[in-house]
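Worksheet for the structure shown next.
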Protein chains: 2
Amino acid sequence: MRKCYKCDKKAQVYLPQHRLAFCKDHYLEWFDNRVEKTIKEFKMFDKNSKILVAVSGGKDSLSLWNALAKLGYNVDGFYINLGIGDYSQKSKELALKFAKKIGKTLNIVELKDEIATIPEMKTYDNRPACSICGTIKRYFMNKKAKELGYNIIATGHNLDDEAAVLFSNTLNWSIEYLKRQYPVLKEENGFIRKVKPLCKISEKESAIYAILSGIEYIEEECPYSVGATSIDYKLFLSQLEEKSPGTKLRFYSEFLRKMYPILQSYEEKVELGRCEICGEPSMNRICSYCSLKMKLQAKKEKTV
Amino acid sequence: MRKCYKCDKKAQVYLPQHRLAFCKDHYLEWFDNRVEKTIKEFKMFDKNSKILVAVSGGKDSLSLWNALAKLGYNVDGFYINLGIGDYSQKSKELALKFAKKIGKTLNIVELKDEIATIPEMKTYDNRPACSICGTIKRYFMNKKAKELGYNIIATGHNLDDEAAVLFSNTLNWSIEYLKRQYPVLKEENGFIRKVKPLCKISEKESAIYAILSGIEYIEEECPYSVGATSIDYKLFLSQLEEKSPGTKLRFYSEFLRKMYPILQSYEEKVELGRCEICGEPSMNRICSYCSLKMKLQAKKEKTV
Ligand SMILES: [Zn+2]
Ligand SMILES: [Zn+2]
Ligand SMILES: [Zn+2]
Ligand SMILES: [Zn+2]
């Protein structure tokens, strides 16, 4: 029988990549500490920051919100109702329930009132749903956070997410993307600072944390994410991880430690302007959200 | 029925990553051209160079020797008899037979006359056999090439080899190794120029070339290479390749095109000295070959 690394109780959790075993309480403590350490390592924010967690209703975003609240940060939630049938209905309910449980505010944007639901947009736009959804989320997170007076957006991206994206960008040596792969995106040009405090926490670790904390979360993946390539890369990395525990964490953190600084000296600053329609930051005259909206309106008018 | 891309004959070979099909003759022509293109792309050598191919008796080194001879280069072979039982015996015979067939010189070093066979050294040194063998091969290739008046050493490393090493160095972000991952190692500090003209040819392509050219090669891997980690990475990359043909080639060539130049600006030149015993280039006072030899002698004396 494995014992907890911190006390004499029977271990409930074993983490092969760290070679650590914990009882329930000491696991939760370890997780919170690891999140705190990551926040400090990358100078993400402090106790004076007004933080908005992007909540999907899944294990990662709720675990993150839970840990930040326990650590004493000033942190509310932000939920975008994408209008994806049962999936959105259920995830919204769980997000609201959790907000009530920890006594924090959940700010909600109803996509159908702002532009249109994702399934509706999908019929007008033939990009993959995940790509439309990404544009939408980035746009509203940034805009609403500013309107509501927050200065930090925290997302629940975990180590598996970050390692898979890094892997994909590395296979192609996409220098422009690799340059920007960092758990902090600084505030600039009308963008609010964005941070990923779970970047060194694996998917499994975050699921265990949610379960042991008694958090009810939505287990289904978004129906549109099925078949996305990043999922393949996650599978490959998991195989490597199984053969040699710690590979994923090493791949990601050594990138940040050794390669990221080298890439920074090659940074060519891209001058960001403002969207002529909505005033949000944009590389082009019209931002990608407004382009999406115009395209949608044009097609709607056509079909009338 | 697939037809040859060049003529109307039935195709015998299909290359999914290039989406090309060839009859036997046009495949051999494609292979030779691809080797020639790689030589030109990386400015490896020209028709005035005196080239020595490191021959193991396997498909890669014999295919390389064959292609270079057909392309009209001035190229002989170099074989080190490692003294690994049947494996060495058989590979030496096949190398000699091939040399005779194409009418070229095969220079041979008998390891047992120079220092000791690999199996013998293995009993005195507890590093992995592949690591001892690497030291030995690098040392003699360089020393003998100079003595014999060659100015280029060409090795049969193929795309699968290079991609696996790149993958391994990338998983750890070993900047020092990544910096040196290039198919040409320039002549400097007493080292002869080393080149890898098959770096854009896959293992499968080189095997097909050997078979269609009627080359007899040793199919067994070196008995000591079994279980080496690079083999695992080859498996992983092959899985990726199967899902998405071209991944391996893209990973390797995009590294050379986009990341390698960035890493070069970070090069700190290491001043190489000469070995105090043998005079060959060395990072330390005594080169790793001579250290090996001293260790061996010390242990032999002890056991007498
Ligand atoms: Zn405990
Ligand atoms: Zn706009
Ligand atoms: Zn043909
Ligand atoms: Zn020496």
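Just so we're on the same page: letters track the sequence lines, and every chain starts at 1. These figures come from a predicted structure and were not determined experimentally.
Met259(B) places a side-chain heavy atom less than 4.5 Å from the side chain of Leu263(A).
A 6.0 Å sphere centred on NZ of Lys6(B) holds no more than 12 heavy atoms belonging to other residues, nucleotides or ligands. Heavy-atom contacts from other residues, nucleotides or ligands closer than 6.0 Å to OH of Tyr182(A) number more than 12. Dense packing is recorded around NZ of Lys258(A), with more than 12 heavy atoms of other residues, nucleotides or ligands lying under 6.0 Å away. With a 6.0 Å radius and a threshold of 12 heavy atoms from other residues, nucleotides or ligands, Lys122(A) has its NZ atom above the threshold. Other residues, nucleotides and ligands place no more than 12 heavy atoms under 6.0 Å from the OH atom of Tyr5(B). By the 6.0 Å contact criterion, OH on Tyr14(B) is enclosed, its count of non-hydrogen atoms from other residues, nucleotides or ligands being greater than 12.
Contact annotation for Leu240(A): both backbone and side-chain heavy atoms come within less than 4.5 Å of a heavy atom of chain B.
Within the model, atoms CD1 of Ile262(A) and NZ of Lys179(B) stand 7.0 Å from one another, a figure rounded to the nearest 0.5 Å.
Taking Lys59(A) as the reference, nothing meets the salt bridge (Lys or Arg N to Asp or Glu O under 4.0 Å) condition, with sequence neighbours excluded. Residues passing the salt bridge (Lys or Arg N to Asp or Glu O under 4.0 Å) test with Lys295(A), sequence neighbours excluded: Asp125(A).
Residues of residues 166-173 of chain A that come within less than 4.5 angstrom of chain B, heavy atom to heavy atom, are Leu166(A), Phe167(A), Thr170(A), Leu171(A), Asn172(A), Trp173(A) in numerical order. Contact residues of residues 241-252 of chain B toward chain A are Lys243(B), Thr247(B), Arg250(B), Phe251(B) (heavy-atom distance under 4.5 Å).
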